[in-house]
Every structure is written in C-alpha cells, then in structure tokens.
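The structure appears right after this line, and notes come after that.
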Amino acid sequence: MPTDLDGRARAILRANDRAGYTVPNGQVYPFQWNWDSAFVALGFDGFDRDRAWTELETLFRAQWEDGFLPHIVFWQDDPGYFPGPSVWAAGRTPATSGITQPPVAATTLRSLWNSAQSAGESDLYRPRLEALFPRLMAWHRWFRDVRDPDRRGVVMTVHPWETGRDNSPEWDVPGEPIDISNVGDYVRRDTSHLDAKERPTKLEYDRYLALVQFGRALGWDHRAIAAASPFRVADVGMSMILLRANRDLLALAEELGRTAEAAELRELVARAEAGIDWLWDGEKHCWCSRDLLTGRFSGFVTSASFLSFYAGLHGPDKDAAMLTHFERIGDRVRYLMPSLDPDEPGFQMVRYWRGPVWAVVNYMIGTGLDECGYSAQARRMRADTLALIEHSGFQEAYSPVDASASGGGDFSWTAAIWLAWSS
Ligand code: GLC
C-alpha cells in the first residue's frame, strides 16, 4: 500500500490530537467522541503505543460514578458545534453529553493489550490494563442494569445519536411519538460547515433536540429516562457491538485472573446470545433494529445488520440469509457496505446514514466475516474500504456508488482504520 497515505493518516491523527484526546475533525466535531476514540486508539497503536492507551484513559476520565460513559466529552468549549455543553447541562466536570455510544472500547483494549504483549511490553502495560479494566466493567454493568432492566439480552437506546448512526431510517417510525412542539428556535452548526444535502433534516434535528430536552428535564437520571423515554429502541448495531465487547472483556478478565468478573461476563454473553434472536426479522430474513415500545421491526437492512459476524453469532441459516443480502447489495454498488440497502426507496448516496459508507463500520464487518471464515467477503470489505480512501482521501464517509466524499475531511477514525487495516 502507498506509504504516503500512511504518512498522511499519521499526520491527521497528530493534527487532530488535543493533547490526550483526538477530535474526529477539527471543525465539525471539535470534542472527544466516545466510539471515535476507541477506533482512533487502534490507529495510534501502530506507531505510538503510549498515545493509543492515553486515548482510552482520557475518555474514561470523563466516566460518571455509576459507570455511564458519555458520547461526547467537552474538554473545552467551542462555538462551532451545536448542541454544546450548555444545552446538555449535564452538570459535570468535565462537561459531557447525557447519552452514550456503541461500546467499542473493550474490544480496542483487548487489541491494544495483545499488541503490547507481542511487542514484549506486557510488564509496562499491565498496570494500565489493570487500571482500565474496572472502568470497562462498570460501563458494561451500567448497560446491563440501566439499558437492559428486563434482562432480555438486547440493549435499549434512548437517542438516535447513541447508535452512532444518527439519521438512519431505522429511527423514523420509532421517532414519531417524540413531541417536537416545544423545541423552540435553535441554530444548527453542522450545516454551516457542510452541505445540507449530506446532513440530517430539520425534522430529525428537532427530534434529537426534543430528546436532549427530555433527558435534561429528568436531570439525566438514566433509569428514569429508560423508564419513560418516548424513544426506546433496540438497535441491532449496539446490541451486536456490546455482545462482542462483552466477549473481549471476558478474555481480559480471564487474563487478569478476575474470576468473579469473568463469571459475570459469561452470564452477559449467554444472555445476549439467547436474547438477540429477538432482533431476527423472519420476514426480511435479516438482523434488524426493533422498537422496544411497540415490538415493530425496522425492516431495514443496514450496515449494522452485518455486525452479527463481529458479534460472534454462528447460525448456518441466518448466516446464509445475511450472505445473500451481502451478495445482492455487493452487485448493486461499487463499494460496500452502504449504510442503507440501495434497494430501499429512501437510499441516498450522500445523505449521512441513509447510504454512505463508513470505514469504521466496514472494519467491524470485515473483521467479523474473517473470524467466521467468510474470507472472500472479508477481503472485499477490506479492499473496498482501502479503495475508497485511495480514491478520495480520509473522508468522514463515502458514496458507495462513486466514492465521492460525504461529511467532513481529514477524519480521524478513517485515518485510524487505514493504519489498522492497510498493512
Ligand atoms: C456523527 C456520527 C457518529 C460519530 C460522530 C463523530 O455524529 O454519526 O457516529 O461518532 O459524528 O464522528
């Protein structure tokens, strides 16, 4: 692979480094984002191991006492972003948002630990692993206690931003009961940096803000929010990512000889393996998100549907059905994996999570396919991702049709995935 892209990727991570954490992009996203940091750490790990660990350590410095890990940490304010810390009003130092994001961090930590071991640096990094482990445990317990109160093995999300796939059409119908009549006036900042046709609509933004106001009115009491939110969805992406992360945290617990925690995590994995079938849409023959309030399936094949492999689920019939979707979509677009099925009427090749491809999602899908032995499909995921970057640089997202850019440029997690996946 061309080394100039390696150098460029490293330069992007360095330029977006704010001394201990990395902004996804200096203009559009000038703070620390939760799952972005988990991917960014993978990128740093190839050339600055210490900095990779610091990325996770900084993120966990913003963890709340009950284990909750926020989706944004506002280490310093910046007028270029809305909604900023005063809108969230979470009453924390450092200031944070009041919602979380997909828990990729345990999977990253396992990977950082394996790489430190291979480099003969276990002694140096073991104390850092020991310090991070209980923090990860606390976050995963928070998911269990607050976001799966009925112990069903699927995760509740209470805001589309928590899923990381902000404006996916999966949230359209579950979002209808959100009362937007009192949202009031506000000025969006994303559309002053980027073309509005690449961004969520006004209706979607009104709903995002109404949910922020709802959480704020409840003082960000997460149990109260989970009991009353008008938006309560089991996101297929979040559920698959958490299952995977629990497996990785279990491996770390075993490594550290924490038998009680290992037993707890085994129980979580078993519960998720049993419960996740609730997200199998038998009509669509696909893993789909599902509304927890109505039981209704989204009915959409999205990039998150393909995370079942990454979650380590094994089932010949379901795998075959997913691979059939994979082939169909792969014939329709030049670059996999579009965030929305291109056969959907709502597919738009540059509108955020309604079509474009994200390198980080591709990385998870490709990793999972590879681990499950679907190597041809895994090879295509990797090749398409690298081809997108070679074609258009380190963008936030890309059109699956012609590789054109969508969103911000010089994007940290895209640079990180290049570094983690190209060598
Ligand atoms: C957008 C994405 C989200 C990401 C954030 C920063 O909100 O939808 O997944 O974490 O940008 O990159």
Side-chain angles (χ1 to χ4, degrees), residues 12-13 16-18 21-43 55 59 62 69-75 78 80-84 87-88 96-105 108 157 159-171 175 188-191 193-195 198-201 204-205 207-209 211-212 235-238 240-241 289 302-304 307 337-340 348 350-365 394-398 405-417:
I12 288 172
L13 292 188
N16 289 342
D17 183 356
R18 299 287 180 271
Y21 70 95
T22 308
V23 296
N25 160 291
Q27 284 82 49
V28 195
Y29 305 104
F31 311 111
Q32 183 171 27
W33 259 259
N34 183 325
W35 73 327
D36 292 63
S37 276
F39 291 110
V40 158
L42 285 180
E55 187 75 24
L59 178 65
L69 192 68
H71 101 294
I72 303 177
V73 188
F74 302 102
W75 291 107
D78 188 305
Y81 183 83
F82 178 85
V87 180
W88 289 93
T96 73
S97 70
I99 57 170
T100 194
Q101 248 188 344
V104 181
T108 293
T157 55
H159 196 298
W161 284 338
E162 285 199 317
T163 70
R165 303 189 318 285
D166 307 9
N167 66 322
S168 171
E170 292 156 281
W171 327 134
R188 282 173 67 169
R189 300 308 310 262
D190 59 322
T191 40
H193 301 296
L194 301 168
D195 194 328
E198 297 173 10
R199 298 292 304 174
T201 61
E204 284 155 357
Y205 247 79
R207 288 179 181 169
Y208 302 154
L209 283 183
L211 288 174
V212 171
D235 163 26
V236 69
M238 191 85 128
M240 296 293 178
I241 288 170
S289 296
T302 69
S303 48
L307 293 176
M337 177 58 74
S339 42
L340 177 62
Q348 298 175 62
V350 294
R351 193 182 293 275
Y352 227 43
W353 294 92
R354 292 182 185 245
V357 178
W358 261 258
V360 289
V361 181
N362 276 11
Y363 177 75
M364 291 187 286
I365 298 173
F394 297 97
Q395 304 298 330
E396 181 170 7
Y398 305 85
S406 171
D410 285 354
F411 222 83
S412 296
W413 66 9
T414 311
I417 293 305

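As the structure is a computational prediction, the values presented were derived from the model and not from experiment. Read the numbers this way: they start at 1 and go in the same order the structure lists the ligands and their atoms.
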Please examine the side chains of E396 and Y29, heavy atoms only from C-beta on, and report whether any two atoms are closer than 4.5 Å.
yes
Taking salt bridge (charged side-chain N to carboxylate O under 4.0 Å, His left out) as the test, write out the residues that go with D36, two or more places apart.
none
Kindly write out the residues that satisfy salt bridge (charged side-chain N to carboxylate O under 4.0 Å, His left out) with R18, not counting sequence neighbours, or none if the list is empty.
none
Pairwise, report which nitrogen or oxygen atoms of ligand 1 are under 3.5 angstrom from protein nitrogen or oxygen atoms, and how far apart they are.
from     : atom 1 : to   : atom 2 : distance (Å)
ligand 1 : 7 (O)  : D166 : OD2    : 2.8
ligand 1 : 8 (O)  : G164 : O      : 3.0
ligand 1 : 8 (O)  : D166 : OD1    : 2.6
ligand 1 : 8 (O)  : D166 : OD2    : 3.2
ligand 1 : 8 (O)  : W353 : NE1    : 2.9
ligand 1 : 9 (O)  : W35  : NE1    : 3.1
ligand 1 : 9 (O)  : G164 : O      : 2.6
ligand 1 : 10 (O) : W35  : NE1    : 3.1
ligand 1 : 10 (O) : D36  : OD1    : 2.6
ligand 1 : 10 (O) : Q101 : NE2    : 2.9
ligand 1 : 11 (O) : Y29  : OH     : 3.4
ligand 1 : 12 (O) : D36  : OD2    : 2.7

Between N167 and R351, does a side chain to side chain contact (heavy atoms under 4.5 Å, CB included) hold up when you go through it step by step?
CA-CA 9 Å; N167 66 322; R351 193 182 293 275; 4.2 Å; yes
With ring pair (Phe, Tyr, Trp, His ring centres under 6.0 Å) as the test, pick out the partner of W33 among W75, Y81, F411.
Y81
By side chain to side chain contact (heavy atoms under 4.5 Å, CB included), which residues pair with E162, not counting sequence neighbours?
I99, T100, R147, T157, V158, H159, M238
